[in-house]
Amino acid sequence: MKTPAPATLACLLVLVPALGRAAAPAGVPNWRGVASQLGGALNGNNPAPSTPPVATDSAKSAANTVVSNANSSSTQSNSLESNTLLTVLNKAFNTDSDSIDPENGTMKWKGHSYSLGEMRAFRSRFEQYLSLSPSPDEQAYQAALDRVTALLATNNTGDMNENTKQAWQALYEAAEFSADGGYALSVANQVFDTWRIRNESDAQRVAGLALDHVRKQQQATLTHNLDYAQLEAAQQGSNYGRDLITAAEILAPLSQTADSASGRGAAGASGTTSTGSSPGSSGVTAQPTNRNPKDANFGLTKSVGAASIVAGMREQVGLEAQIKAMQAAQALSGVQAKLQFQGEIINLFLQRRFQHALIASSFYRAIFKGTAQELDPKYKEAIADFLPPSGNVPFYISTIENLSREAIDQARKGMAAVRSNYDDGMLMAATERLQETFFLGEYVGEITQFEKTRRQKIYAFYRKVEQARKLADLKDYEAIVKINTEIGALTKDFRSAEVTAAARAAEQGSQLALAGAKQAASNGDFDRAQTLTEKASNLWPLNPDIAAYGSGVAAGATISSQAAIMFDDAYKHSEYRRIYERQGELSVGLANDALRGPKFKEVITRMTKVETALGLAQEAVSQNNAAVAWDTLTAAAELVPNDVTVNQRKAELAPRVADYVGLADKAKRAEDNGDTASSLAYYLAVQDMNPASPLARLGIERVTSKLLAQLAGELGSATPGKN
Amino acid sequence: MPALNPPRPALPARALLPLLALLPLLALGFAANGCSRGEPFPVADYQKTPANLNGNHYVLEAEVDSQLKAQEGVGRFISVRPLKEKNRLPVFVPDALEANLVPAQRYRFELVVRTGGLLYVSQLKKI
């Protein structure tokens, strides 16, 4: 980008203060860049329509700047003026607001940038919104959502579970509307999934209780058997009594083994670090501290059934592991359900489905207990941009609810501003407000149900502004002025005067540059002519005079080339009369020819003298003064020795001036031979025949000078002291 | 009756003798100045071939027409119209002659035809 010229910046600074905004640098070639920097110039602090002097003065400044720049030297950047004008025009035609960044396709709200995808597609959606009438189902759809919201409201006095169920069913009804886009169904499915997970969890809990009951029964049986076996051994006085262990000693490590098994299972299911076992224990391979339970049968007697005791012990281990794994799975299902639901809410909020985010949040509150309302830390980053820095303060579901309500409220206020501007006849401001409100709350009811008539009028205005903006890019100033008038008739807050002045200034600047180009071309300064022509074209590419000038230049080039060829040929052969007879076309063709131009002028001057001489000779002949005619023709023949006309006239006249010509010839030859005295006598004789003879006069002058010089030399040589 | 005017006494012959003795000297002197030739200038011949008369001395009676060119200390060229002739002739009058020439006055020019046909005036006399 080129450095802005001070004059250009000054022009821009003159224009912008009225808007109370900082000026964007001139030389910005793209309106989108201008829009991003000056986009807010037409916001709520637009100059009031009742302040035309500001716009008029600014327009004059713009015009003066352009004119002065057009007159400036060609060394100055030639694109600044046009960029300044583009800036003015694009700023006037810019309907984007501060919150919208067309360059990046984003919209900012509360510090967060919403990605709108491709801006062109989003604009298309906005135009589609303006062009369409509100759907008759919109009200019914909105009513369905309101009903869901009301059923889930915490101030609803009905049965909470029943209300939640009805709200869930109402979601399916709302999902049937095309305006919903299936988001209500998505929420309903999320609720359903959560309930299913909860049911599965309940089933697991029941199954766990049953298993625990069986385990306890088997543990009691095993305890009894072991105690009985110990008692029997004691009664028999066995030596083995010292080695026997009690039931409590055997069952204690069994419990540890089950814990290890269940803990490992839970860790495998959750994918997280293992839980439920200490680092010292190693799952099923963990052994009692002093004794291996598998070796217990060595201390048992055959009467109490050692095999059955061992089997019972192993079954105890299996049951314990099943129970622990079931408990872990139950806890995991609860966490997963919570995370899924929170993710769904975040997605709805980020997609600007604020009402759905509110409904989903209400479902969440109804389904999950109070201690589960905190947002998972991994979702905190997604909404942190919307809030001031809060450090480690946790976010809750209610945080999203608040943000959603604020967005909806802002959309409603925005639509109120749109209506207010519209009613005041300020369509420019209304369009800006509607655009930014639409980008934020596209799915909010107040926006979707905006009246058809107002939409149509704003749409008509929007289309014309878009058209004007494209024309500004094309620099079609005539069309801009025309459409500018139409726009000015539609709204009160459009700066028509400024736009018209800028367009006229551009046209004037182009015309001035073109005039300079023509002047430079006529002076033969073709480089400067080309520079100025480019400048004129940059300022106003569609300038009709440039096209005409271009055609003239092309024709001129043809004429010039042809004229040059003809002139060179005639000049080479001294056919000056041919040049003289075609002087009309040659004067045009060679007008800018620095090489041939002077020669052409010299030939024309010479031939003019010849023609004059021919006329005088003719007159002299008519007065029976042949000698005068001859002298005249002779003088002309010296100018154009090969001229057929002169030589023909001389030939015609020669018989009548034979004596005269004879004397003149003698005089000339004697002079040429150095017989200066004889030559002088002949010239005098010639002059007697034609007293006005220039030939004789000049000859006498020359010859007498030579003779006097000779005589002076002789005198000096004869009397050296005299000199 | 007596005569009113008595006759003058006749000049004695002896008194005329010195005058008669000077006549040959005067004749010789005149001849030495060229005037003795007195040949009129052949205008037609000169105009035909001026160089053919180189070295000749002539007498030309002519009327001063105009001054063609002059150079102080050298002389001047004048055009003269010979009496009874239509065409003019150019003659050179050196300053040494200290002549006062006036157009339309007639003079007898004693002249010499010099190289190239230059008519150089050696003497002139108003007639």
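Each chain gets a letter, A, B and so on, in the order the sequences are listed, and its residues count up from 1. Computed over heavy atoms, backbone and side chain alike; hydrogens, waters and symmetry mates excluded.
- Atom-to-atom distance recorded for L89(B):CG and L684(A):CG is 8.0 Å, nearest 0.5 angstrom.
- Between the side chain of N87(B) and the backbone N or O of D688(A) there is no donor-acceptor pair closer than 3.5 Å.
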For L711(A) and F77(B), run side-chain contact (heavy atoms from CB on, under 4.5 Å): C-alpha distance rounded to whole Å, both residues' side-chain angles, the deciding distance at 0.1 Å, then the answer. CA-CA 11 Å; L711(A) 291 168; F77(B) 276 98; 4.1 Å; yes
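- Residues meeting the salt bridge (Lys or Arg N to Asp or Glu O under 4.0 Å) test with E602(A), sequence neighbours left out: R606(A).
- Of the atoms belonging to A96(B), not a single heavy atom falls under 4.5 Å from chain A.
- Contact of S705(A) with chain B is made through backbone and side chain together, with heavy-atom distances under 4.5 Å.
- Scanning residues 650-678 of chain A against chain B with a 4.5 Å non-hydrogen threshold yields K666(A), A677(A), S678(A), sorted by number.
- Here the straight-line distance linking atom CD of E714(A) with atom OG1 of T115(B) works out to 7.5 Å at 0.5 Å rounding.
- Minimum heavy-atom separation, V74(B) to A712(A): CG2-CB, 3.6 Å.
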Pair up each side-chain donor or acceptor in residues 610-620 of chain A with any protein partner under 3.5 Å, not counting sequence neighbours, and list the distances.
residue, atom, partner, partner atom, Å
E611(A), OE2, R577(A), NH1, 2.7
E611(A), OE2, R577(A), NH2, 2.6
T612(A), OG1, T608(A), O, 2.8
E619(A), OE2, Q623(A), NE2, 3.1

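- From Q71(B), atom CD reaches atom OG1 of T704(A) across 10.5 Å, with rounding to the nearest 0.5 Å.
- Of all residues in residues 695-702 of chain A, those placing a non-hydrogen atom less than 4.5 angstrom from a non-hydrogen atom of chain B are I700(A), E701(A).
- The part of Y682(A) that comes within reach of chain B is its side chain, from C-beta onward, which places non-hydrogen atoms under 4.5 angstrom from that chain.
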